[in-house]
Amino acid sequence: MAVQKPSIPKGTRDFNTNEMVRRNYIFDVVRNVFQIFGYQPIETPAMENLSTLMGKYGEEGDKLLFKILNSGNYLDGLPEAVNGMEASQTNRQDTGSRLQYLTKHIAEKGLRYDLTVPFARFVVQHQNELVFPFKRYQIQPVWRADRPQKGRYREFFQCDVDVIGSNSLLYEVELAQIIDAIFSKLGLKVLIRLNNRKVLAGIAEAIGAPDKLTDITVAMDKLDKAGMDKVTDELVERGLSYEAIEKLQPILTLEGKIKEKFETLTAFFKDSEVGLKGLEEMKTVLLFLKDLGLKNKFDFDITLARGLSYYTGTIIEVKALEAAMGSICGGGRYDDLTGIFGLPGMSGVGISFGADRIYDVLNELNLFPEAIQSATRVLFVNFGPEEEKYCLKLLAVLRKAGIPSEIYPESAKLKKQMEYANRKKIPFVILTGLNEMESGLLTFKNMQTGEQKSCTADEIQKTLTW
RNA sequence: GUGGUCGUAGCUCAGUUGGUUAGAGCGAUAGAUUGUGGAUCUAUAGGUCGUGGGUUCAAGCCCCAUCUUCCACCCCA
């Protein structure tokens with residue numbers, strides 16, 4: 001058989017031991033903070049029924065879903081018409097609908113696109129077993145059939161925290177605290193941007209275009225990247241009247257202190273109930289945060305939009321201040337995500353940390369602690385069968401004391417064994433030959449400084465115990 | 001989905017207007033050194049030039065397709 005070149009699918013990656021140690025460091029920090037705030041873990045399957053996933057992420061999202069081909073002869077039961085259509089209908093629209101029809105028949109499962117929608121499904125399915133408000137965290141990979149580029153992968157890990165079954169704004173505050181705690185622990189300076197969908201709805205209402213909410217937000221979101229001219233162009237393109245745009249512009253360029261933004265917007269929203277409600281919510285959250293004194297900066301940013309269609313209240317996005325990377329954490333409140341699965345009136349709020357992007361940023365800024373680099377702390381050199389037996393007992397003692405340790409598997413040349421320790425960055429080596437066995441004093445070498453001394457097993461254990 | 005970009009040894013990269021047997025550095029392995037790693041020296045191994053077609057007397061180099069990498073747009077973590 002011909003040898004095939006090993007490879008993995010586009011946008012996926014292997015992680016070597018070094019990378020995994022660092023990734024686990026991130027997961028550990030995140031998990032610990034989640035737990036401290038009283039969240040509990042769940043997991044859901046990598047694949048969901050397509051009916052669960054479709055239509056939850058907007059039109060774009062549907063296209064980015066990885067679909068799983070049915071097992072068996074998936075062409076069975078497919079109407080002849082689908083194949084017959086091929087020749088006769090060639091225009092693009094028909095191809096589209098034919099594809100949609102075909103997909104529905106040959107694929108009924110898909111890989112999850114995020115953790116929030118599966119969570120909503122989970123909550124509805126297990127509603128009778130859960131205690132509400134239900135606080136859960138979930139750290140698992142998700143998949144998107146996107147084109148890979150900087151900070152964008154087809155398989156990546158999300159770390160979600162959500163609470164469902166309460167509309168208390170205390171949870172918004174709690175999530176901001178979680179963000180602050182995690183990034184502080186990771187040593188990453190971030191900006192927490194906050195906004196509220198109701199504020200955005202209020203803006204659309206106040207400029208007389210309530211039906212254009214999505215168009216307005218999508219365009220607005222690009223303000224810092226594209227600039228006012230481009231945003232205006234896009235708004236025109238999306239069918240907004242000049243009058244509306246004129247009203248919108250002063251709001252978009254709103255700068256300065258949070259207090260001033262509130263004053264301007266309160267006046268702006270005098271006829272918009274939803275806008276005022278959004279402002280009220282924002283005010284509550286921001287006052288709490290101000291009082292709590294977070295380590296990281298936060299800001300009320302009305303240009304923050306966030307695409308996912310299910311958000312209804314607060315929206316949150318976090319950016320690293322010292323690295324060029326998209327958002328590394330985002331989320332918001334969704335008032336009725338469970339409604340579609342038959343459980344209405346269940347408000348939830350949650351955020352998602354993008355582990356892979358956080359990794360890239362920490363790596364770029366050299367923020368991974370040195371101490372996590374090596375796993376094994378001490379290596380026993382192997383001098384032969386007798387010595388082996390002797391060392392195995394000492395090894396068991398060290399391991400029982402919680403010291404990661406190992407023995408070289410054969411009595412190879414010392415050079416080779418030392419090199420092994422060196423390359424694995426094992427900080428200490430114990431040499432136990434016949435001399436040492438007789439005297440009971442082991443040769444203990446520090447690989448970093450190069451110095452070595454004779455010690456008893458007890459002394460070594462003490463040195464290695466922190 | 002749209003536009004661009006990259007691919008030669010494990011890694012980073014040379015490779016002339018298309019012309020014999022495709023090179024270097026680092027790394028790896030072995031030895032110099034039989035109880036001591038990092039430094040030095042010596043030797044050795046390692047390549048279907050991403051893949052598949054095509055043009056040509058001749059292709060790493062030119063053409064087409066395809067896969068992959070990276071980047072921008074769209075969208076997003």
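Numbered from 1 within each chain, the chains take letters A, B, ... in sequence-line order.
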* Asked: Just by protein heavy atoms under 4.0 Å, how would nucleotides 67-73 of chain B read 5' to 3' in B, S and -?
  -> -SS-SBB
* Asked: Can you give one letter per nucleotide of nucleotides 31-42 of chain B, going 5' to 3': B for a protein heavy atom under 4.0 Å from the base, S for sugar-phosphate only, - for none?
  -> S---BBBB----
* With a 4.0 Å cut-off on heavy atoms, is V142(A) in touch with a base, just the backbone sugar-phosphate, or nothing at all? -> nothing
Inter-nucleotide [atom1] distance ([N], [M]), Å rounded:
N: A58(B); M: G19(B); atom1: C1'; answer: 7 Å
N: U16(B); M: U33(B); atom1: P; answer: 44 Å
N: G10(B); M: G4(B); atom1: P; answer: 32 Å
N: U12(B); M: G27(B); atom1: P; answer: 15 Å
N: C26(B); M: U40(B); atom1: P; answer: 9 Å
N: A14(B); M: A59(B); atom1: P; answer: 24 Å
N: C6(B); M: A65(B); atom1: P; answer: 16 Å
N: A72(B); M: A30(B); atom1: C1'; answer: 50 Å

When the distance from [atom1] of [X] to [atom2] of [N] is rounded to whole Å, what number comes out?
X: D221(A); N: C74(B); atom1: CG; atom2: C1'; result: 12 Å
X: L64(A); N: C75(B); atom1: CG; atom2: P; result: 11 Å
X: D114(A); N: C75(B); atom1: CG; atom2: P; result: 18 Å
X: D233(A); N: C74(B); atom1: CG; atom2: P; result: 13 Å
X: I179(A); N: A77(B); atom1: CD1; atom2: C1'; result: 13 Å
X: Q138(A); N: A77(B); atom1: CD; atom2: C1'; result: 15 Å
X: R144(A); N: G1(B); atom1: CZ; atom2: P; result: 17 Å
X: E155(A); N: C76(B); atom1: CD; atom2: C1'; result: 17 Å

Do [X] and [Y] have side-chain atoms, one donor and one acceptor, less than 3.5 Å apart?
X: R136(A); Y: Q138(A); answer: yes
X: R22(A); Y: N363(A); answer: yes
X: E174(A); Y: Y39(A); answer: yes
X: Y420(A); Y: K416(A); answer: no

Restricting to non-hydrogen atoms, name the atom on [X] and the atom on [Y] that form the minimum distance, rounded to 0.1 Å.
X: K198(A); Y: G278(A); value: CB-CA, 3.6 Å
X: P133(A); Y: V163(A); value: CB-CG2, 3.8 Å
X: E155(A); Y: R13(A); value: O-NH2, 3.6 Å
X: T52(A); Y: V117(A); value: O-CG1, 3.6 Å

* Which residue lies toward the 5' end of RNA chain B, S352(A) or A145(A), if each is placed at its nearest nucleotide? -> A145(A)
* Indicate, with yes or no, if the rings of Y408(A) and F380(A) have centres closer together than 6.0 Å. => no
* Taking the six-membered ring for Trp, is the centroid-to-centroid distance between Y137(A) and F34(A) below 6.0 Å? -> yes
* **side chain to side chain donor-acceptor pair (under 3.5 Å) against E48(A), all qualifying residues, sequence neighbours excluded** => R121(A)
* Who are the side chain to side chain donor-acceptor pair (under 3.5 Å) partners of N70(A), not counting sequence neighbours? -> none
Would you tabulate the pairs of protein nitrogen or oxygen atoms and nucleotide nitrogen or oxygen atoms of nucleotides 49-52 of chain B closer than 3.5 angstrom?
unit_1	atom_1	unit_2	atom_2	d
G50(B)	O2'	K5(A)	NZ	3.2

* First locate atom CG of L321(A), then atom NZ of K189(A), and finally report the distance between them rounded to the nearest 0.5 Å. => 8.5 Å
* **Stacking check F353(A) vs A77(B) (5.5 Å / 30 deg)** => no
* Asked: Which dot-bracket string fits RNA chain B when only Watson-Crick or G-U wobble pairs with both atom distances under 3.5 Å count, crossing pairs get [ ], and | stands for a partner on a different strand?
  -> ((((..(..((((.....[...)))).(((((.......))))).....(((((..]....))))))..))))....
* Please list, chain by chain and in numerical order, all residues satisfying ring pair (Phe, Tyr, Trp, His ring centres under 6.0 Å) with F27(A), sequence neighbours excluded. => F157(A)
* Taking only residues at least two apart or on different chains, which pairs with a member in residues 389-399 of chain A satisfy side chain to side chain donor-acceptor pair (under 3.5 Å)? -> none
* Structure fact -> Sorted by chain and number, sequence neighbours left out, side-chain contact (heavy atoms from CB on, under 4.5 Å) with S454(A) holds for L441(A)
* With K104(A), which residues qualify under salt bridge (Lys or Arg N to Asp or Glu O under 4.0 Å), at least two apart? -> none
* To do: Tell me, please, which residues at least two apart from D146(A) pass salt bridge (Lys or Arg N to Asp or Glu O under 4.0 Å).
  => R152(A)
For nucleotides 7-12 of chain B, print each protein N/O atom paired with a nucleotide N/O atom at under 3.5 Å, atom names and distance only.
none

